[in-house]
Amino acid sequence: MNYLLGIDIGTSGTKTVLFDEKGRAMASYTGEYPMAQPQNGWAEQDPAHWWQAVCDGIRAVLDKSGIDAALIRGIGLSGQMHSLVLLDENGEVLRPSILWCDQRTAEECEEIHQRMGGKARYIEITANPALTGFTAGKILWVRKHEPEIYAKARHILLAKDYIRYKLCNVFATEVSDASGMGLLDVPNRCWSSEVLEKLEIDSAMLAKVYESPEVTGTITAEAAALTGLKEGTIVVGGAGDNAAAAVGTGVVEDGKAFATIGTSGVVFAHTNQLSIDPQGRVHTFCCAVPGAWHVMGVTLAAGQSLKWYRDNFCDGDKIEAEKQGVDPYDLMTAEAAKTPIGSNRLIYLPYLMGERTPHLDPDCRGAFVGLSGMHTRYDLVRAVMEGVTFSLRDCAEILRGMGVQSDMILACGGGGSSAFWRQMMADVLGCPVATTISKEGPALGVAILAGVGAGLYPSVPEACREIIGVNAAQDPVAEHMSEYQKFYEIYRSLYPALRDSWHNLAKL
């Protein structure tokens with residue numbers, strides 16, 4: 001039997017999963033780590049935490065499975081997108097990584113558009129506007145505010161590509177993750193010389209770009225000693241977290257889409273034809289299938305909204321969950337399900353970290369609207385879940401307007417594991433929502449890419465047809481749809497009403 005390793009470097013932790021060649025998980029391990037927020041709207045992590053979690057994870061799955069590392073045919077890497085890692089000439093990290101959800105670079109994003117001669121030209125090349133979460137603005141921010149650090153920088157990497165460097169001693173990336181840097185010519189799948197020239201970024205600092213299933217390097221002797229892997233094992237390009245999740249759910253052909261509720265929320269659709277929103281409200285990136293793209297809308301604080309609420313207001317649920325040996329979220333959502341649609345006339349705006357789709361606004365923030373003395377904490381839990389789902393509806397509406405849509409949505413991420421939340425998604429999005437049989441998502445996706453790179457499968461779509469199975473869908477309920485629609489219309493009216501207040505708050 002051949003085996004494949006999928007490693008997903010996330011925001012809250014790194015998940016390492018060992019699969020057999022049929023896509024069955026043999027062993028899994030998740031190593032968690034903190035996120036620092038040194039200022040309002042900032043988000044950073046120490047890349048050393050990622051590397052430690054990877055080493056721990058690989059050793060753990062090898063120990064749990066008892067499988068000889070020599071039987072692992074390939075390794076795939078997935079990771080949080082956009083997060084900036086700067087290395088010096090010795091390959092040492094120069095500062096904490098600035099993460100995808102960091103909002104400090106609004107001025108730098110405006111500078112990028114000015115340097116490019118306008119937003120339209122920049123979108124024409126990179127398929128997206130300059131956004132605060134993207135990597136390009138972070139590079140300019142470090143250059144402006146920490147010039148002594150930037151002067152020492154010799155390599156610019158993303159999260160998973162830093163792990164690749166530690167595993168293989170190569171500087172490499174791949175098209176899906178590179179698309180989110182704001183430096184890639186997305187239509188032509190290569191670095192843009194025009195963008196690099198106008199932003200004055202040395203191309204020598206950037207990693208070589210590969211397609212996702214291509215072999216980028218092999219495990220070094222040093223990495224083998226630290227992880228227990230066999231020296232010479234191949235590592236393929238892999239993918240950014242959402243492109244990897246697409247492979248892991250089989251969304252690799254036209255007409256297929258998924259929605260995920262992880263830390264962030266995403267509505268993601270595959271397309272073989274390049275499709276760009278000229279307003280830049282959704283992202284168009286190269287996908288993990290060579291020669292194809294995907295379009296996705298992103299809400300920044302999806303599962304993070306519910307986690308924030310749990311951590312700050314649900315100590316009782318956490319204590320009770322520990323007594324019962326269950327997940328606190330299960331208790332919270334079971335009680336929230338008893339609250340009627342609309343959370344007793346309470347609406348939540350999930351803008352804890354600013355927002356991308358559809359507002360492109362780093363200054364907007366979360367809000368409960370309609371809060372009264374009669375509301376319980378479970379009304380608030382349901383309001384949070386509904387607000388996040390309405391934000392996914394915002395994303396889906398734009399994709400539909402671009403002609404990129406699906407007859408069914410595959411749900412993944414932590415939120416997708418909840419039948420209650422999936423039914424809410426079906427009712428709000430107005431289409432059936434299903435789950436894949438495997439719950440491994442990005443880790444499975446990059447393991448499949450590794451299998452293609454190792455020659456176990458002829459192509460990504462053919463591998464997915466062989467490996468990915470889908471459970472029965474939950475259909476929307478007509479009377480629920482009409483009830484949610486009333487609250488969604490109010491939800492949509494709130495951002496314009498509050499926008500100026502948020503911007504004024506940001507100036508204080």
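The shown structure was predicted, so the numbers you read here are calculated from the model rather than taken from an experiment.
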To the nearest 0.5 Å, what is the distance between CG on L274 and CG on N272? 11.5 Å

SB check K256 E253 (cutoff 4.0 Å): yes

Are E483 and K486 ion-paired here, with the side-chain N under 4.0 Å from a carboxylate O? yes

Taking side chain as C-beta onward, heavy atoms only, is F134 less than 4.5 Å from H283? yes

Hey, are D161 and T173 close enough side-chain-wise for a donor-acceptor pair under 3.5 Å? yes

Any side-chain heavy-atom pair from T299 and E355 closer than 4.5 angstrom? yes

At what distance, to the nearest 0.5 angstrom, does CD of Q52 lie from CG of D46? 11.0 Å

Using 30° and 60° as the class boundaries, would you call the ring planes of Y348 and F368 parallel, tilted or perpendicular? tilted

State whether D8 and K160 are salt-bridged, where the test is any N-O pair (Lys NZ or Arg NE/NH1/NH2 against Asp/Glu carboxylate O) under 4.0 Å. no

Under a 4.0 Å N-O cut-off, is there an ion pair linking D102 with R104? yes

What distance do N2 atom CG and I72 atom CD1 have between them, rounded to the nearest 0.5 Å? 11.0 Å

With a cut-off of 6.0 Å (strictly less than), are more than 12 heavy atoms of other residues, nucleotides or ligands near CD of E322? no

What closest approach, in Å, do L157 and A207 show between heavy atoms, and which atom pair accounts for it? CD2-CB, 4.1 Å

I want to check something: taking the side chain as every heavy atom from C-beta on, are S12 and E32 in contact at a cut-off of under 4.5 Å? no

Shortest non-hydrogen contact from E211 to P290? OE1-CA, 3.4 Å

Test item: I437 and V470 side chains (from C-beta on) under 4.5 Å apart, heavy atoms: no

Reported CG-to-CD distance for the pair L131 and Q103, which is rounded to 0.5 angstrom: 9.0 Å

Between R59 and D63, does any NZ, NE, NH1 or NH2 come within less than 4.0 Å of an OD or OE carboxylate oxygen? no

Do R400 and E397 sit within salt-bridge range, that is, some charged N less than 4.0 Å from a carboxylate O? yes

Flag the pair R382 and E386 as a salt bridge only when some basic side-chain nitrogen lies within less than 4.0 angstrom of an acidic carboxylate oxygen. yes

What's the separation between atom CG in D317 and atom CD in Q324, rounded to the nearest 0.5 Å? 10.0 Å

With a 4.5 Å heavy-atom cut-off, do L5 and V17 have their side chains touching? no

For F258, what residues pass the ring pair (Phe, Tyr, Trp, His ring centres under 6.0 Å) criterion, not counting sequence neighbours? F268

Between the side chains of S343 and D379, is a donor N or O closer than 3.5 angstrom to an acceptor N or O? no

Side-chain heavy-atom pair M181, M81 within 4.5 angstrom cut-off: no

4.5 Å side-chain heavy-atom contact, S83 and I98: no

Is the ring pair Y491/Y488 parallel, tilted or perpendicular, if the boundaries are 30 and 60 degrees? parallel

If we ignore angles and hydrogens, is there a donor and acceptor under 3.5 Å between the side chains of D361 and Y351? no

Q37 versus E44, side-chain donor and acceptor atoms under 3.5 Å: no

Kindly give the heavy-atom pair with the smallest separation between A239 and V446, and that separation in Å. N-CG1, 3.9 Å

Does NZ or CZ of R189 fall inside the cone over W293's six-membered ring, less than 6.0 Å from its centre and within 45° of the axis? yes

Determine whether R73 and I234 satisfy the following criterion, side chain to side chain contact (heavy atoms under 4.5 Å, CB included), listing intermediate values before the conclusion. CA-CA 7 Å; R73 293 287 303 277; I234 67 165; over 6 Å; no

All heavy atoms of H294 vs all of C287, minimum pair found to be ND1-CB, 3.3 Å

Going by atom types only, do W421 and T333 share a side-chain donor-acceptor pair under 3.5 Å? no

Does the side chain of E174 pick up a donor-acceptor pair with the side chain of T216 at under 3.5 Å? no

Atom pair CZ/SG of R310 and C314 - distance to nearest 0.5 Å: 9.0 Å

Closest heavy-atom pair and its distance - P213, V452: CB-CG1, 3.8 Å

Give the C-alpha distance, both sets of side-chain angles, the deciding distance and a yes or no for ring pair (Phe, Tyr, Trp, His ring centres under 6.0 Å) between W51 and Y162. CA-CA 9 Å; W51 176 233; Y162 173 71; 7.6 Å; no

Quick check: do K166 and W50 have side-chain heavy atoms less than 4.5 Å from each other? no

Please report the closest heavy-atom contact between V267 and L399, naming both atoms and the distance. O-CD2, 3.9 Å

